[in-house]
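Before any comments, here is the structure.
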Amino acid sequence: MFEKRLLAAAGKSIRTLYSQDFDLSRLTIEKTKKEIEGDYTLVVFPLLKLSRKNPEQTACELGEALMKELPEISTFKVIKGFLNLVLADDYWLGFLGSNFSKEDFGFSLVTRDEKVVLEYSSPNTNKPLHLGHIRNNLLGYSLSQILKATGYPVVKVNLVNDRGIHICKSMLAYARWGEGETPESSGIKGDKLIGKYYVLFDKKYKEEIKDLMEKGLTADEAALQSPLLLEAREILRKWEAHDPETVQLWKMMNGWAYKGFTETYKRLGVDFDHIYYESETYLLGKDLVLAGVENGALRQRDDGSIWIDLTSEGLDEKLLLRSDGTSVYMTQDLGTAQLRYDEYHPSQMIYVVGNEQNYHFDVLKRALLKLNKPYASRIFHLSYGMVELPEGKMKSREGTVVDADDLMEEMYSTAADMTRELGKASDFPAKEAEKLFEMIGLGALKYYILKVDPKKNMLFDPKESIDFNGNTGPFIQYTFARISSLITKAVSLQIPIVPGLPLSDYSLLPSEKETIKLLMSFPHVLQQSADELNPAIVANYVYELAKTFNQFYQEIPVLKEENPGLRQLRIRLSVFTASVIRKSLQLLGIGTPERM
RNA sequence: GGUCCCGUAGCUCAGUUGGAUAGAGCAACAGCCUUCUAAGCUGUGGGUCGCGCGUUCGAAUCGCGCCGGGAUCACCA
C-alpha cells in the first residue's frame, strides 16, 4: 500500500530534515482533490512548528526529500500548505496489470475463526411484509455479504415472532368469521390472508369499543373490557396451556404465514442459516433472571416481579419478569442471546432492528453486563431509521403501508415497460427477458434503499424509486452490461487479453487514471463498510466507479484504438471495472446483467 | 420532562473521520448518436452546511447553548 510507505518515508524525511521525531498520527495523507493536479496530498501545517518556515517552504523541502525516498513520485506541486505528490504513470499501470484479472481482488482470502451471528428480518406472523421489512432484509443480507467478503464466517439468523396476543387476534377473527377459508380456496397468499383477519379483528374491536363507550364507559375501560380482547387473551392462555384445538389452528395459520414469507424472501433474494421461532424460545431467559436475583445483580419486589435498576446509569428501572412469573420481551432476548452464544461462540452478535428499539437494546446490553455475561460487549444493535412516504409515516391501520410483494411486482413491470419503451431486449427469449426485468426492477429498489446511510430515516418516493437514470441501480447495471458486450466483442474479434503482460510507457488520460484510482480503493471501501456495518459506503462507491468509467467509455476508444498496447490497457481497465462493479453489486445483493 | 438520533441546493442524498473554491442525482435549460449499447456523456443556473458562541493555522465535521423534526421512556412486542 503506497499510503503506508509514504507515511514511513515522510517520517524518515522529517527526521533528517529537522533532526526530531514527529508523531506521524498527526500527519494526514489523503487523495488529492479532483480539480487539483496530483495523486496524494500531504498536509504540512502540523509540521510548521518543527520546520520554523512558512508552509510553502516546508512543503517544498519535504517534497524534495520524499522524491529521493520514493521512486514512484515523479514530481510534486505545492499550493499553500498542501504538498501534492504526482506519481509516475508506471505506478498505476503496474497496479492495473497485476490486479485486473484477480477474481478475488479486494476480498479476504482467509476466513477468521470468529463467527458473527447476524439477526435480521424477524417478522410477526400476523401480517405480511412491508417496506420497512424490506429495508431491514436488504440491510441484513447485504451486511452478511460484506462481512463474508472481509473474512468473517456469518450465521444469518431470523427470529420469527410466531406467538403472542397479536397472533391470537388473527386466530380469533378467523375462527369467528373465516368460514374455513384457506389460501387455496381463496387464492390469497397465506400471509396476506392472515393479515386480512388481523385487520378484521381490529375493525370489529373498534366497533365494540365504540358501542361500549356509548353505554357510558371511558375509552380505557372499554378497551380493557371488550369481549373480543378478553377472548383473544383466553386464546393466548389456552395456547400456553397447549390446548390441542388452539394449537392446531395456530399451526395451520402460521404455516400459511411461513409459506407466504418464504416466497417474499425468495424474490427479494435473502435467506437464513437458522430460523428461531419465538414459540420455542419465549420461555428462555427466566433462569438468567433468577440467577441474577441470587447473586444480587437484580432485585425482586414484594409482588414477585423482578427488575433491573439502571437509574445510576441514567436509565430507568426495567421489568425483566412479571409478578406471575411469566416472561416479557426482554426476558426472552436475554435468553436467546445466551442461546446464540452457547451455539456459536460468536465474536459479534449483530441485531438488525429499527431505531425505535434503541432503548431496548441499550437495556439488554447493560443487563447482560450486570449479569456478568462475557458476550455482553459483543452485542451490536444495527439500528436503522424509519422509511417514510411522501404523505408521512406508514400506518397499517390506515392502509398506507407499502406491501413488499406489491412493490416488487411494480418494480418488475416498470422495468419491463421501460425496457420495451427504449426498444431494448427485443431479441431476448421470453424467459431471458423476464429475468432481466426482475434483475433491473429489484436492482433499482435495492440500490435506492441501500444507498442511504442505515442509521438515517429515509424517504421512499415511489416516483423516484422507479427512476432508472442517474444515481440508481440500473445505471450501474447498465455500465456493467456495456462493458460485458465490449468484452464479448473483443473476444469475437480475437483480441487477446493476456494477464501478466507488462504495460509501460503510456501516458494515462485523466479519466483512465481516475478509474484506476477508484479501483485501487475498493479493498479499503469494503473494509470500511464492514467496520461500520454500512452497505451505503459500497453503494456510493460503486456509483462513483460507474460514473467515472462512463466518462472514460464515452470519450476514449477501446477496441477501436489502433495502438495494440493502448488497446490492451483500456481493455484491462474495462475488465477490471466490470469485475469490481459485479462484486460491489453482489455485496448489495444486486444482480449484474450481461446485456440490457 | 429525561435519554438518544437527525437538520447540507427546490426535492432525494454524499461528504474519505479536522483540510484547499462543500459535491452527486432528480427537476429546469442548452448541446452530443453514420463511430465499442444515448438506461449514456458534456455544459449552465442553484448554498447563511438550522442559529449562536467556543476550541485552532484551519470547522459541514469536535465542544457548549438555543431552534426545528423524529424515536423512546408499559407487568406491549
Side-chain angles (χ1 to χ4, degrees), chain A residues 28 30-36 41 43 45-46 48-49 55 79-82 84 122 124 161 163-166 278 301 303-307 314-316 318-324 326-330 332-333 354-360 362-363 383 385-386 388 390 393 415 418-419 421-422 424 440 444 448 451-453 455-461 463-465 467-472 474-479 481-490 493 521 524-525 528 532 536-537 539-541 543-544 546-547 550-551 553-561 570 574 595-596:
Chain A
T28 54
E30 53 204 59
K31 288 169 199 150
T32 305
K33 294 179 64 170
K34 256 187 201 155
E35 317 82 77
I36 293 164
T41 295
V43 185
F45 289 109
L48 300 185
K49 275 179 190 151
I79 305 172
K80 290 189 268 184
F82 301 91
N84 299 311
S122 308
N124 292 345
N161 185 338
R163 63 162 286 281
I165 188 72
H166 45 287
E278 262 196 44
R301 287 186 183 171
D303 64 4
S305 59
I306 297 174
W307 297 72
L315 301 173
D316 300 321
K318 186 87 184 171
L319 178 84
L320 298 187
L321 206 61
R322 291 195 187 102
S323 52
D324 63 4
T326 59
S327 298
V328 289
Y329 185 50
M330 187 65 76
Q332 183 197 188
D333 260 6
N355 63 9
E356 69 268 15
Q357 292 196 34
N358 284 353
Y359 184 75
H360 172 79
D362 201 9
V363 172
S383 157
M386 305 181 30
E388 280 160 24
K393 285 175 65 171
M418 192 74 82
T419 305
E421 209 173 289
L422 289 168
K424 308 216 177 198
I440 296 173
Y448 182 83
K451 73 175 173 178
V452 181
D453 187 341
K455 69 170 188 268
K456 291 189 177 173
N457 286 355
M458 64 169 289
L459 184 88
F460 184 87
D461 186 343
K463 283 199 293 286
E464 205 177 300
S465 69
D467 192 352
F468 295 167
N469 301 311
N471 189 359
T472 66
F475 169 92
I476 300 162
Q477 291 172 318
Y478 181 65
T479 307
R482 285 209 298 198
I483 299 175
S484 294
S485 90
L486 189 76
I487 303 307
T488 308
K489 190 159 280 182
L493 292 174
S521 66
H524 174 74
V525 167
Q528 197 192 347
E532 296 180 23
I537 294 172
N540 287 303
Y541 164 81
Y543 168 65
E544 180 77 18
K547 203 167 113 72
N550 278 340
Q551 204 177 333
Y553 177 89
Q554 199 78 26
E555 65 193 23
I556 300 170
V558 179
L559 300 181
K560 292 199 158 65
E561 171 59 48
R570 291 173 189 162
S574 306
R595 292 168 62 203
M596 72 182 269

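Naming: A, B, ... by sequence-line order, numbering from 1 per chain.
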Whom does [N] pair with, Watson-Crick or G-U wobble, provided both distances fall under 3.5 Å?
{"N": "B:A71", "result": "B:U3"}
{"N": "B:U42", "result": "B:A30"}
{"N": "B:U37", "result": "none"}
{"N": "B:A59", "result": "none"}
{"N": "B:C64", "result": "B:G52"}

Rounding to the closest angstrom, what is the interatomic distance between [N] and [M] at atom [atom1]?
{"N": "B:C4", "M": "B:U42", "atom1": "P", "answer": "45 Å"}
{"N": "B:C33", "M": "B:A39", "atom1": "C1'", "answer": "15 Å"}
{"N": "B:G52", "M": "B:A71", "atom1": "P", "answer": "28 Å"}
{"N": "B:G47", "M": "B:G63", "atom1": "P", "answer": "29 Å"}
{"N": "B:U17", "M": "B:A59", "atom1": "C1'", "answer": "13 Å"}
{"N": "B:C53", "M": "B:A9", "atom1": "C1'", "answer": "27 Å"}
{"N": "B:U61", "M": "B:U56", "atom1": "C1'", "answer": "14 Å"}

Original post:
Where is the tightest heavy-atom contact between A:T32 and A:T41, given as atom of each residue plus distance?
Top reply: OG1-OG1, 2.7 Å
Nucleotide [N], atom [atom2] - distance to [atom1] of [X] in whole Å:
{"X": "A:K318", "N": "B:A77", "atom1": "NZ", "atom2": "C1'", "answer": "10 Å"}
{"X": "A:I79", "N": "B:G19", "atom1": "CD1", "atom2": "C1'", "answer": "13 Å"}
{"X": "A:K34", "N": "B:A20", "atom1": "NZ", "atom2": "P", "answer": "15 Å"}
{"X": "A:D362", "N": "B:C73", "atom1": "CG", "atom2": "C1'", "answer": "12 Å"}
{"X": "A:E30", "N": "B:G19", "atom1": "CD", "atom2": "C1'", "answer": "6 Å"}
{"X": "A:Q554", "N": "B:U37", "atom1": "CD", "atom2": "P", "answer": "12 Å"}
{"X": "A:E555", "N": "B:U35", "atom1": "CD", "atom2": "P", "answer": "19 Å"}
{"X": "A:I476", "N": "B:G25", "atom1": "CD1", "atom2": "P", "answer": "13 Å"}

[N] phosphate, OP1 or OP2: any side-chain N/O from [X] under 4.0 angstrom?
{"X": "A:K393", "N": "B:A71", "result": "yes"}
{"X": "A:S323", "N": "B:C75", "result": "no"}
{"X": "A:K463", "N": "B:U12", "result": "no"}
{"X": "A:R322", "N": "B:A74", "result": "no"}
{"X": "A:Y478", "N": "B:A39", "result": "yes"}
{"X": "A:N471", "N": "B:A14", "result": "no"}

Original post:
Would A:F475 and A:Y543 count as a close aromatic pair, with their ring centres under 6.0 Å?
Top reply: yes
Original post:
So, do A:Y478 and A:F468 have ring centers that fall under 6.0 Å from each other?
Top reply: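 A:Y478 vs A:F468: aromatic centres not under 6.0 Å.
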Original post:
Thinking salt bridges, do A:K34 and A:E544 make one under a 4.0 Å N-O criterion?
Top reply: yes
Original post:
With the threshold set at 4.0 Å, does a side-chain nitrogen-carboxylate oxygen contact exist between A:K455 and A:D453?
Top reply: yes
To the side chain of [X], which of [options] is closest?
{"X": "A:K489", "options": "B:C76, B:C36, B:A39", "answer": "B:C36"}
{"X": "A:V452", "options": "B:A24, B:C13, B:C75", "answer": "B:C13"}
{"X": "A:L559", "options": "B:U72, B:A77, B:C36", "answer": "B:C36"}
{"X": "A:K80", "options": "B:C41, B:A20, B:C13", "answer": "B:A20"}

Subject >> Whether over 12 other heavy atoms sit under 6.0 Å from A:E421 CD >> reply: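 Counting other residues, nucleotides and ligands, CD of A:E421 stays at 12 neighbours or fewer.
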Original post:
Taking for each residue the nucleotide of RNA chain B bearing the nearest heavy atom, is the 5' side occupied by A:K451 or by A:R482?
Top reply: A:K451
Original post:
When you look at A:E532 and A:Q528, which way does the side-chain hydrogen bond (donor to acceptor under 3.5 Å, both in side chains) test go after all the steps?
Top reply: CA-CA 6 Å; A:E532 296 180 23; A:Q528 197 192 347; 3.2 Å; yes
Per the atom types in the model, does the base of [N] pair as donor or acceptor with the side chain of [X] at under 3.5 Å?
{"X": "A:K424", "N": "B:U37", "answer": "yes"}
{"X": "A:T419", "N": "B:A39", "answer": "yes"}
{"X": "A:N550", "N": "B:A38", "answer": "no"}
{"X": "A:T479", "N": "B:A39", "answer": "no"}

**OP:** State, with a plain yes or no, whether a side-chain heavy atom of A:S122 is found less than 4.5 Å away from one of A:N161.
**Re:** no
**OP:** Could you check whether A:F45 and the base of B:G19 form a stacked pair, meaning centres closer than 5.5 Å and planes differing by less than 30°?
**Re:** yes
**OP:** Report the glycosidic orientation of B:U12: syn if within 90° of 0, anti in every other case.
**Re:** anti
